[in-house]
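Quick notes on the structure that follows.
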Amino acid sequence: MSLTQQQFTVHFWGVRGSIPCPGPETVRYGGNTSCIEMRVGGHRIIFDGGTGLRVLGQYLLKHMPIEGHLFFTHSHWDHIQGFPFFTPAFIPGNTFNIYGCIAPNGETIENRLNNQMLHPNFPVPLKVMGSTLVFNDITVKEPIKFDDVVVDNAPLNHPGEAVGYRVSWGGHTAAYISDTEHFPDRMDENVLFLARNADVMIYDATYTDAEYNHPKTSKVGWGHSTWQEAVKVAKAANVKKLVIFHHDPLHNDEFLDKVGEDVAQAFPDSLMAREGLSITLVSPPSAPLDP
């Protein structure tokens, strides 16, 4: 598929954290784990390979050959488990440039994606993927550029380490900040760096403040944040639109409806991430937007 050079759109294919949670109570927001696609300046940039990546892959089969860039925040299971089911990666003629930081134990993103597909955990190895896979080890805070598209990154506060991303093109910016835990006594300078003046900020708000600070089931130290902290960041960083992301698998549609109402009262230009949501920063000229 030939992407128009004059386009900046954000598409949500998986919005959950921890584990997929399909079922009658998660129909409206979706049950697939993290996967976001940005079509920007003629490039297709994908963030994370949760089970939402499988759904994106089925969509892309209509638009081959595909060239894309796939960035991983980290390799916890909910962010890589869709990769072995990403059908376009098995098809010759497609090309995917894959990016990730080296893990604390020294493992590259190639090692980690390969290891999850080894016996006895998976029936076929990564090497059977027929597309061209180009693996890139990225350096923290070192930007990557595709033509005039810039992808910045910064470290996040998460067990085992993670990075967030900031995509800039044509005076517009989208920030993807998941998975991260806020600090109790200050704002995270890395988060503010990624979010500063962003048109859209997608933020890990797995919990509410009440859940995070619950005296019996505290989530402190689990590596995730709250919607209340998301609002604080959005205001401090002069964000235009806030998107609440990485929903807890125990949060059903009704619960997320209520969170959305509360967020909107605190930050009116806000959205709850859901599968199928698209946000347009720059519209493709004279062409209908694909779902």
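When a residue number appears, it is its place in the shown sequence, counting from 1. Keep in mind that the numbers below use all heavy atoms, side chains included, and drop hydrogens, waters and symmetry copies.
Residue pairs meeting the salt bridge (charged side-chain N to carboxylate O under 4.0 Å, His left out) criterion with at least one member in residues 188-210, sequence neighbours excluded, are Asp199-Lys240. For residues 93-119, there are no salt bridge (charged side-chain N to carboxylate O under 4.0 Å, His left out) pairs, not counting sequence neighbours. Sequence neighbours left out, the pairs with a member in residues 21-35 that pass salt bridge (charged side-chain N to carboxylate O under 4.0 Å, His left out) are Arg28-Asp257.
In terms of heavy atoms, Gln81 sits closest to Pro20 at OE1-CD, 3.7 Å. Contact between Ala89 and Met129 at its shortest, heavy atoms only, is O-CB, 3.2 Å. Smallest separation of non-hydrogen atoms from Gly223 and Pro159: CA-CD, 3.5 Å. Ala273 approaches His247 most closely through the heavy-atom pair O-NE2, 2.8 Å.
Looking at residues two or more places apart in sequence or on another chain, you find a side chain to side chain contact (heavy atoms under 4.5 Å, CB included) between Gln116 and Trp77, Ile80, Phe83, Pro84, Leu113. Applying the side chain to side chain contact (heavy atoms under 4.5 Å, CB included) test to Leu250 and every residue at least two apart in sequence or in another chain returns Asp248. Remark: Phe122 engages Phe85 in a ring pair (Phe, Tyr, Trp, His ring centres under 6.0 Å) (not counting sequence neighbours). Phe71 is linked by a ring pair (Phe, Tyr, Trp, His ring centres under 6.0 Å) to Phe47, Tyr99, Tyr165, counting only residues two or more places apart in sequence or in another chain.
His74 is not listed as a side-chain neighbour of Glu161, based on a closest heavy-atom distance of 4.5 Å or more. Side-chain contact between Val149 and Ile45 is present, with heavy atoms from C-beta onward closer than 4.5 Å. Considering only heavy atoms from C-beta on, Leu271 comes within 4.5 Å of Lys241 through its side chain. A 4.5 Å side-chain heavy-atom check between Ser131 and Ile91 finds every atom pair outside the cut-off. Between Asn114 and Asn111 the shortest side-chain heavy-atom distance does not fall below 4.5 Å.
Within 6.0 Å of CZ on Arg166 lie more than 12 heavy atoms contributed by other residues, nucleotides or ligands. Within a 6.0 Å radius of CG in Leu61, more than 12 heavy atoms belonging to other residues, nucleotides or ligands are found.
Apart from Val259 itself, the hydrophobic cluster it occupies contains Tyr29, Leu156, Ile177, Met187, Val191, Leu192, Phe193, Leu194, Met201, Tyr203, Trp227, Val231, Val233, Val239, Leu242, Ile244, Phe255, Leu256, Val263, Phe267, Met272, where clustering links Ile, Leu, Val, Met, Phe, Trp and Tyr at side-chain heavy-atom distances under 4.5 Å. Taking Ile, Leu, Val, Met, Phe, Trp and Tyr as hydrophobic and joining them when side-chain heavy atoms fall under 4.5 Å apart, one finds Phe183 isolated, its cluster having no other members. Residue Leu118 shares its hydrophobic cluster (ILVMFWY side chains chained together at separations under 4.5 Å) with no other residue. Hydrophobic clustering, defined by side-chain heavy atoms of Ile, Leu, Val, Met, Phe, Trp and Tyr closer than 4.5 Å, groups Trp222 together with Tyr207, Tyr212, Val220.
Between His79 atom NE2 and Thr33 atom OG1 the span is 7.5 Å, to the nearest 0.5 Å. Between Thr280 atom OG1 and Arg39 atom CZ the span is 9.5 Å, to the nearest 0.5 Å. We find the CG-NE2 distance between Asp48 and His246 to be 8.0 Å, quoted to the nearest 0.5 Å. Remark: Asp78 CG to Asn32 CG distance equals 12.0 Å, nearest 0.5 Å.
Residues Ile102 and Ile109 are members of separate hydrophobic clusters, defined by side-chain heavy-atom contacts under 4.5 angstrom among Ile, Leu, Val, Met, Phe, Trp and Tyr. Under the 4.5 Å side-chain contact rule for hydrophobic residues, Trp169 and Val150 do not share a cluster. Transitive grouping of hydrophobic side chains (ILVMFWY, heavy atoms separated by less than 4.5 Å) brings Val55 and Met64 into a common cluster.
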Trace of the side chain to side chain contact (heavy atoms under 4.5 Å, CB included) decision for Val10 with Ile202
CA-CA 10 Å; Val10 183; Ile202 303 156; 4.0 Å; yes

Might you work through the side chain to side chain contact (heavy atoms under 4.5 Å, CB included) test for His224 and Asp179, ending with a clear yes or no?
CA-CA 6 Å; His224 300 287; Asp179 296 10; 3.1 Å; yes

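In summary, the side chains of His11 and Ser278 do present a donor paired with an acceptor at a separation below 3.5 Å, with no hydrogens or angles considered. Checked by atom type, the side-chain pair Thr217/Glu211 shows no donor-acceptor distance below 3.5 Å. A donor and an acceptor atom, one from each side chain of Ser168 and Thr173, are located under 3.5 Å apart.
Using a 4.0 Å cut-off between charged side-chain N and carboxylate O, Glu229 and Lys232 make a salt bridge.
In this structure, Trp13 and Tyr59 have tilted ring planes: the angle between them lies in the 30° to 60° band. Ring geometry, Phe245 versus Tyr176: the interplanar angle exceeds 60°, so the pair is classed perpendicular (tilted spans 30 to 60°).
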Can you list, pair by pair, the side-chain donor-acceptor contacts under 3.5 Å of residues 133-147, counting residues two or more places apart and other chains?
unit_1: Asn136; atom_1: ND2; unit_2: Ile98; atom_2: O; d: 3.3
unit_1: Asn136; atom_1: ND2; unit_2: Val134; atom_2: O; d: 3.1
unit_1: Lys141; atom_1: NZ; unit_2: Asn190; atom_2: OD1; d: 3.1
unit_1: Asp147; atom_1: OD2; unit_2: His43; atom_2: NE2; d: 2.8

